[in-house]
Amino acid sequence: RQKTLEKINPENSEELSDAYHSLAHCALKAGNLELAIETSQKAISTNPEDGLAYVYLGAASLKSSNLSESQDYFSQAIQLRPDLPESWLGLTKIFQENGQDEKIIDTLKEAVQAAPLSYEIQFALGEEYLKQGSHTQAQMSFQRAYELVNAVHDQTGELYWKIASHLGNI
């Protein structure tokens, strides 16, 4: 992916942002946090309103256990792109790490309002309700996640089967 960046016209900011996002994503998956951070910062220098780049910075900070910095990045991503489920889910991971479980459901409810078509958020909300023993609310969230994943995606994905399994066990 690094070589791809060298071939991109620096005047084409959308193409450049996409390449930065791809490289940051791959770097995160490979555990190269330094490259993920560097690439995300370059994306932000190209476009300061790049919410996805802040998501990648938040994820890299979370992986390096810098929870405060990670929370700031995810919060900035939410400000810029409230429709990105990754930023909301990242924020809930921080709350979980900090033992602030009471904030998780409220955050996910807010996320559902900001990104109503996100099956990932609905699924996470269902899991949180299940942890708290709120089976009726969990079932409603899992049902909504099931409907969203069924409408938007094929039925072969791992998440589809997790949702179906939860629905069968409630």
Side-chain angles (χ1 to χ4, degrees), residues 21-33 36-37 39-40 43 49-170:
H21 295 159
S22 293
L23 183 55
H25 180 80
C26 289
L28 276 170
K29 291 289 184 189
N32 189 341
L33 303 181
I37 290 168
T39 305
S40 297
E49 304 294 309
D50 188 342
L52 189 54
Y54 283 101
V55 168
Y56 290 132
L57 283 172
S61 296
L62 184 59
K63 283 188 176 199
S64 64
S65 298
N66 189 339
L67 301 181
S68 175
E69 187 174 88
S70 181
Q71 185 170 349
D72 290 344
Y73 287 134
F74 285 131
S75 294
Q76 182 66 30
I78 289 168
Q79 290 279 320
L80 295 170
R81 292 279 314 274
D83 62 313
L84 293 174
E86 298 87 354
S87 48
W88 294 99
L89 296 173
L91 205 52
T92 63
K93 286 179 185 174
I94 293 166
F95 294 150
Q96 190 172 36
E97 289 284 324
N98 284 332
Q100 298 172 304
D101 292 344
E102 69 283 354
K103 289 185 172 184
I104 295 173
I105 287 197
D106 289 338
T107 300
L108 290 170
K109 284 180 178 177
E110 189 178 342
V112 165
Q113 297 303 310
L117 299 179
S118 170
Y119 61 88
E120 299 97 336
I121 292 172
Q122 286 287 350
F123 182 76
L125 184 58
E127 286 190 316
E128 285 304 315
Y129 280 136
L130 207 52
K131 285 179 193 174
Q132 292 186 0
S134 301
H135 296 278
T136 301
Q137 291 173 304
Q139 184 176 11
M140 290 184 337
S141 291
F142 288 133
Q143 183 65 41
R144 181 67 181 134
Y146 179 82
E147 291 166 2
L148 288 168
V149 81
N150 210 14
V152 177
H153 302 281
D154 68 36
Q155 299 171 8
T156 60
E158 180 181 338
L159 185 59
Y160 175 85
W161 293 108
K162 280 184 180 179
I163 294 168
S165 172
H166 277 305
L167 282 171
N169 291 327
I170 294 178

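Keep in mind that this is a model prediction, so the values were computed, not measured. In this chain, numbering begins with 1 at the start of the sequence shown.
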Let me confirm one number: the [atom1]-[atom2] distance from [X] to [Y], rounded to the nearest 0.5 Å.
| X | Y | atom1 | atom2 | value |
| --- | --- | --- | --- | --- |
| Gln76 | Glu49 | CD | CD | 7.5 Å |
| Thr39 | Leu57 | OG1 | CG | 9.5 Å |
| Asn98 | Lys93 | CG | NZ | 14.5 Å |
| Ile94 | Leu89 | CD1 | CG | 11.5 Å |
| Asn150 | Tyr119 | CG | OH | 12.0 Å |

How close do [X] and [Y] get, counting heavy atoms only, and between which atoms?
| X | Y | answer |
| --- | --- | --- |
| Gln122 | Ala145 | CB-CB, 3.7 Å |
| Val112 | Leu125 | CG2-CD2, 4.0 Å |
| Ala36 | Ala24 | CB-O, 3.8 Å |
| Ala43 | Asp50 | CB-OD2, 3.7 Å |
| Val55 | Phe74 | O-CE2, 3.5 Å |
| Ile37 | Ala60 | CG1-CB, 3.6 Å |

- [ ] Return yes when atom NE2 of His25 has more than 12 non-hydrogen atoms of other residues, nucleotides or ligands closer than 6.0 Å, and no otherwise.
- [x] no

Task: Residues, nucleotides or ligands: over 12 heavy atoms within 6.0 Å of Gln79 CD - done: no

How about [X] and [Y]: do any of their side-chain heavy atoms sit closer than 4.5 Å?
| X | Y | result |
| --- | --- | --- |
| Arg144 | Glu147 | yes |
| Ile105 | Lys109 | yes |
| Leu80 | Leu52 | no |
| Leu91 | Lys103 | no |
| Phe142 | Leu130 | yes |

TODO: Answer yes or no: is there a donor N or O on one side and an acceptor on the other, between the side chain of Trp88 and the main chain of Pro82, under 3.5 Å?
DONE: yes

Task: Under 3.5 Å: donor-acceptor pair, side chain of Ser141, backbone of Ala138 - done: no

- [ ] Give every residue pair that meets the side chain to side chain donor-acceptor pair (under 3.5 Å) criterion with at least one member in residues 53-75, sequence neighbours excluded.
- [x] Ser61-Glu69

- [ ] Given side chain to side chain contact (heavy atoms under 4.5 Å, CB included), test Lys131 with Glu128 step by step and report yes or no.
- [x] CA-CA 5 Å; Lys131 285 179 193 174; Glu128 285 304 315; 3.0 Å; yes

Open item on the list: Testing the 3.5 Å rule here: is there a donor-acceptor pair between the side chains of Glu120 and Ser118?
Closed with: yes

